[in-house]
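Reading through the structure tokens given below for one structure.
To find a chain, count down the sequence lines: A is the first, B the second, and so on, and within it residues start at 1. Computation of the quantities below employed the complete heavy-atom set of this structure, encompassing side-chain atoms and omitting hydrogens, waters and symmetry-equivalent molecules.
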Amino acid sequence: MTRGHIPFQRLASLSRPSTPTCFTCLRQNRPASSAAAPLDTAPVESFPTHRAILPPTTSQPHSTTYKLKASVLLSRPPLLTRHLTPFEKSYFLYQRRLNERLALPFTRYFYYQRGTPGEIEWKRKVRERKTPARDIGVYNAYGSEGWNDELLVGDQVSEPEKQLESLLKDAEVEVKERDIQGEAKVVKEEVERPMPRITEADKAGDMKSLNRALQKTLFLVSAERIIIQTGGVNMNTWVVGNIPIGHQVYNYAQGVANEEKRSVLRGEKIFFMKARILAGQANLKDNQFGLEDFQWLAKEEIQKAFHPRNWNAVKNILPER
Amino acid sequence: MASQRVPSVFQSLPLRKRDFHNFPCLCSCRKASTFNGMTELSEDVDPSSSMQIPGPSEEHLASFDPIARSKRRKRPLPSSRYKFRPPKYYRGPLHPHQPPPPTAPESREFIPGPFSLPRLQQTYHSTFASDLLTLMYTHHPPGTLPGPSGPRLRSWDGSSPYHKNRPLRPPRGGPALPLLRRPITFRNIPRLEKIHVHSFVKEAGSDSAHLHVAGMIMQAITNVRATVFRAKHTIANFNLRKGSPCSVGVELRGEDMYNFLAKVTEVVMPRIKDYQGISGKSGDSNGDIGWGFGPDTVGTFPEVEINYDAYPSKMIPAVHIVVCTTATNDKDARLLLSSMGVPFYGKHMN
């Protein structure tokens with residue numbers, strides 16, 4: 001084992017004098033692979049009652065110790081692609097129309113045999129949009145006005161919603177049928193639309209749902225200590241790696257002196273472990289810490305919900321999206 | 001002189017002077033998080049920006065119609081006014097007529113793109129990259145940094161006087177040094193670099209139709225025109241003559257690469273019956289993982305499947321796919337690929 005592969009527990013013991021509380025804390029938490037400490041509230045563990053003022057100067061100085069804790073940042077990764085910026089939308093449409101001008105013509109008879117219903121459909125669609133591409137609007141790249149490939153102000157062709165509509169319109173098939181009287185009529189076959197990007201939970205403002213803010217990473221915000229003891233067994237979680245992704249140092253207003261060991265407990269160091277929720281939902285019904293509420297929040301919502309001290313500790317380890 | 005001139009400058013710029021007094025402690029008060037734009041930097045910077053200029057008026061927008069304007073023209077514009085033809089040949093750096101860069105649309109080498117932001121690419125940046133960093137990161141506490149690694153080349157034992165001043169011995173097993181694995185930080189998280197799709201067409205020597213079909217299928221499934229490779233040597237067993245076309249290949253980067261890998265992992269691989277995945281022994285031990293698909297599987301690519309009758313079924317080729325990553329060993333590359341949904345089976349070898 002190289003020196004770079006020192007396990008986390010040994011690291012903790014190397015960097016400071018041995019503190020029994022640290023190891024109990026870690027030993028309690030690690031086997032469940034779901035250790036957690038409070039993020040937004042005061043520490044769960046009660047403070048030692050014998051709080052003493054530091055002796056001013058002694059012959060042997062007291063060593064400073066910290067209580068080590070581990071916490072879990074439980075997150076749900078984004079499920080949808082993000083919204084494109086206006087620049088990206090216009091750029092992609094510009095490149096698509098350029099491609100239409102520069103590419104070789106569509107090999108029509110390779111894909112649609114002559115005289116087949118597919119070819120008739122193809123002819124009808126191309127007559128409408130003047131180009132084989134389905135999502136660049138009405139634009140004839142090979143015609144005499146092919147140079148006019150830029151959108152006017154207010155044109156919605158570069159919007160993904162419009163492109164989705166045109167793709168759906170392209171997918172639907174017109175079928176000519178004869179009804180009982182023998183008269184021909186055109187029946188359009190409906191195409192299944194994709195689910196909306198904004199869900200019911202988004203509209204209702206349901207902060208507990210995992211079906212909200214599908215474009216963003218969501219974080220479980222609750223005063224939780226251990227996932228299973230708080231969130232219940234109905235969560236399939238995965239702790240990413242054995243390495244904390246950040247830490248927070250929390251100093252007590254006054255250090256707690258331990259005369260036997262000649263040490264002063266200065267405060268707490270909380271290490272954040274990264275975890276992902278793969279399935280399920282938190283359930284506080286049988287939690288052992290008297291928790292009442294939880295929320296799944298995106299990064300900018302966490303900033304409003306958190307105390308600034310805690311926000312400063314986690315803001316740089318949360319992804320932007 | 002200078003001290004007299006300064007007040008006159010301030011008098012001529014009353015606006016800026018007021019701005020200046022609004023920020024009495026320019027240097028001491030500024031914090032990184034409260035940067036309010038150029039006005040804070042210096043009074044010499046002009047605070048007005050072209051971004052603040054209002055856009056065209058409603059009347060101008062309504063009257064703007066490039067097609068109508070071109071039709072109103074009595075005679076066509078001289079083509080030199082709007083047509084630029086880059087030189088056909090590059091005649092050296094001193095020639096007055098220089099070709100535009102390949103990124104310019106008027107260039108003869110211009111290839112349009114990108115056309116979208118692929119989903120796999122977005123997922124990599126939003127989810128996989130940070131997870132991979134957490135999984136691969138090795139922490140070195142201050143004061144415990146690993147020392148320099150040992151010498152990579154072996155020395156001579158000195159048993160012979162001729163060993164003096166010899167170059168060092170190469171590593172065991174061959175002349176090539178394996179790549180070093182640098183510590184993974186946020187700067188060098190492994191990512192996809194390129195994907196090679198390649199198909200050796202055995203029957204190309206006797207019937208070139210196989211090569212054409214392979215090229216068309218390759219172009220259909222990868223969205224890139226295939227390159228034809230020629231045999232380097234004459235090999236009688238493989239029916240190869242030197243210089244005869246024998247295979248087609250494609251190199252994918254960027255958008256095409258992400259779309260291809262997503263298609264393979266989400267559409268093609270799940271349809272293979274009793275598919276175990278990719279052998280854990282695959283890879284060149286430098287972070288490049290490869291596998292192959294038989295003709296049956298190539299036929300299930302969605303682009304081939306919708307038009308399956310157009311291809312002679314006996315000529316559908318088998319393809320080899322090599323995914324090149326920026327990881328320097330196969331373990332990291334396998335972790336990256338499996339995060340993207342590529343299954344692996346068996347013993348994992350580096």
Task: Evaluation steps, side-chain contact (heavy atoms from CB on, under 4.5 Å), between A:Ile136 and A:Tyr94 - done: CA-CA 9 Å; A:Ile136 60 169; A:Tyr94 172 68; over 6 Å; no
TODO: Please step through side-chain contact (heavy atoms from CB on, under 4.5 Å) for the pair A:Val240 and A:Arg276, ending with a clear verdict.
DONE: CA-CA 7 Å; A:Val240 185; A:Arg276 298 277 193 199; 3.9 Å; yes
Open item on the list: A:Trp122 vs A:Phe106, test: ring pair (Phe, Tyr, Trp, His ring centres under 6.0 Å). Steps then yes/no.
Closed with: CA-CA 12 Å; A:Trp122 160 259; A:Phe106 179 66; 4.8 Å; yes
Open item on the list: Between B:Arg253 and B:Glu251, does the salt bridge (Lys or Arg N to Asp or Glu O under 4.0 Å) criterion hold? Intermediate values first, please.
Closed with: CA-CA 7 Å; B:Arg253 286 173 187 271; B:Glu251 184 188 298; 2.7 Å; yes
Task: Residue pair A:Asn140, A:Glu145: steps toward the side-chain hydrogen bond (donor to acceptor under 3.5 Å, both in side chains) verdict - done: CA-CA 7 Å; A:Asn140 185 3; A:Glu145 288 165 3; over 6 Å; no
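Side chain of A:Ser75 to backbone of A:Pro77: no donor-acceptor contact under 3.5 angstrom is found.
Interface remark: B:Met136 contributes no atoms to any contact with chain A (heavy atom separation under 4.5 Å). For chain B, the nearby parts of A:Asn99 are the backbone and the side chain; heavy atoms of each come within less than 4.5 Å. Within the 4.5 angstrom heavy-atom criterion, atoms from both the backbone and the side chain of A:Ile243 approach chain B. For chain B, the nearby part of A:Glu88 is the side chain; its heavy atoms alone come within less than 4.5 Å. A:Leu84 touches chain B through its side chain: at least one heavy atom from C-beta onward sits under 4.5 Å away, while N, CA, C and O do not.
Of the listed residues (A:Phe110, A:Tyr111, A:Tyr91), the one with the most heavy-atom contacts under 4.5 Å to chain B is A:Phe110. For the options B:Thr123, B:Leu61, B:Asp65, B:Asp131, heavy-atom pairs under 4.5 Å to chain A are most numerous at B:Asp131. Interface summary for chain B: among A:Leu152, A:Leu93, A:Ile245, A:Asn148, the most heavy-atom pairs under 4.5 angstrom belong to A:Asn148. With chain A as the partner, the residue from B:Gly55, B:Pro66, B:Ser70, B:Pro105 showing the most heavy-atom pairs under 4.5 Å is B:Pro66.
Both tests hold for A:Arg97 against A:Tyr139: distance to the six-membered ring centre under 6.0 Å, angle to the ring axis within 45°. Cation-pi geometry between B:Arg119 and B:Tyr258 is not satisfied (NZ or CZ under 6.0 Å from the ring centre, within 45° of the ring normal).
Residues A:Leu210 and A:Arg76 come closest through the heavy atom pair O-NH1, 2.7 Å. Nearest heavy atoms, A:Pro78 versus A:Gln215: CB-O, 3.4 Å. Between A:Glu189 and A:Glu172, the closest heavy-atom pair is O-CB, 3.4 Å.
Between B:His139 and B:Tyr137, the two ring planes are tilted [angle within 30° to 60°].
Separation of atoms NZ (A:Lys216) and CG (A:Leu318) is listed at 13.0 Å; rounding is to 0.5 Å. Here B:Leu120 contributes atom CG and B:Lys263 contributes atom NZ; the two are 12.5 Å apart, rounded to the nearest 0.5 Å.
Listed in order of number, the residues of residues 300-316 of chain B that approach chain A to under 4.5 Å between heavy atoms are B:Asn307, B:Ala310, B:Tyr311. Residues of residues 110-118 of chain B having a heavy atom under 4.5 Å from any heavy atom of chain A, listed by number: B:Phe110, B:Pro112, B:Gly113, B:Pro114, B:Phe115, B:Ser116, B:Leu117.
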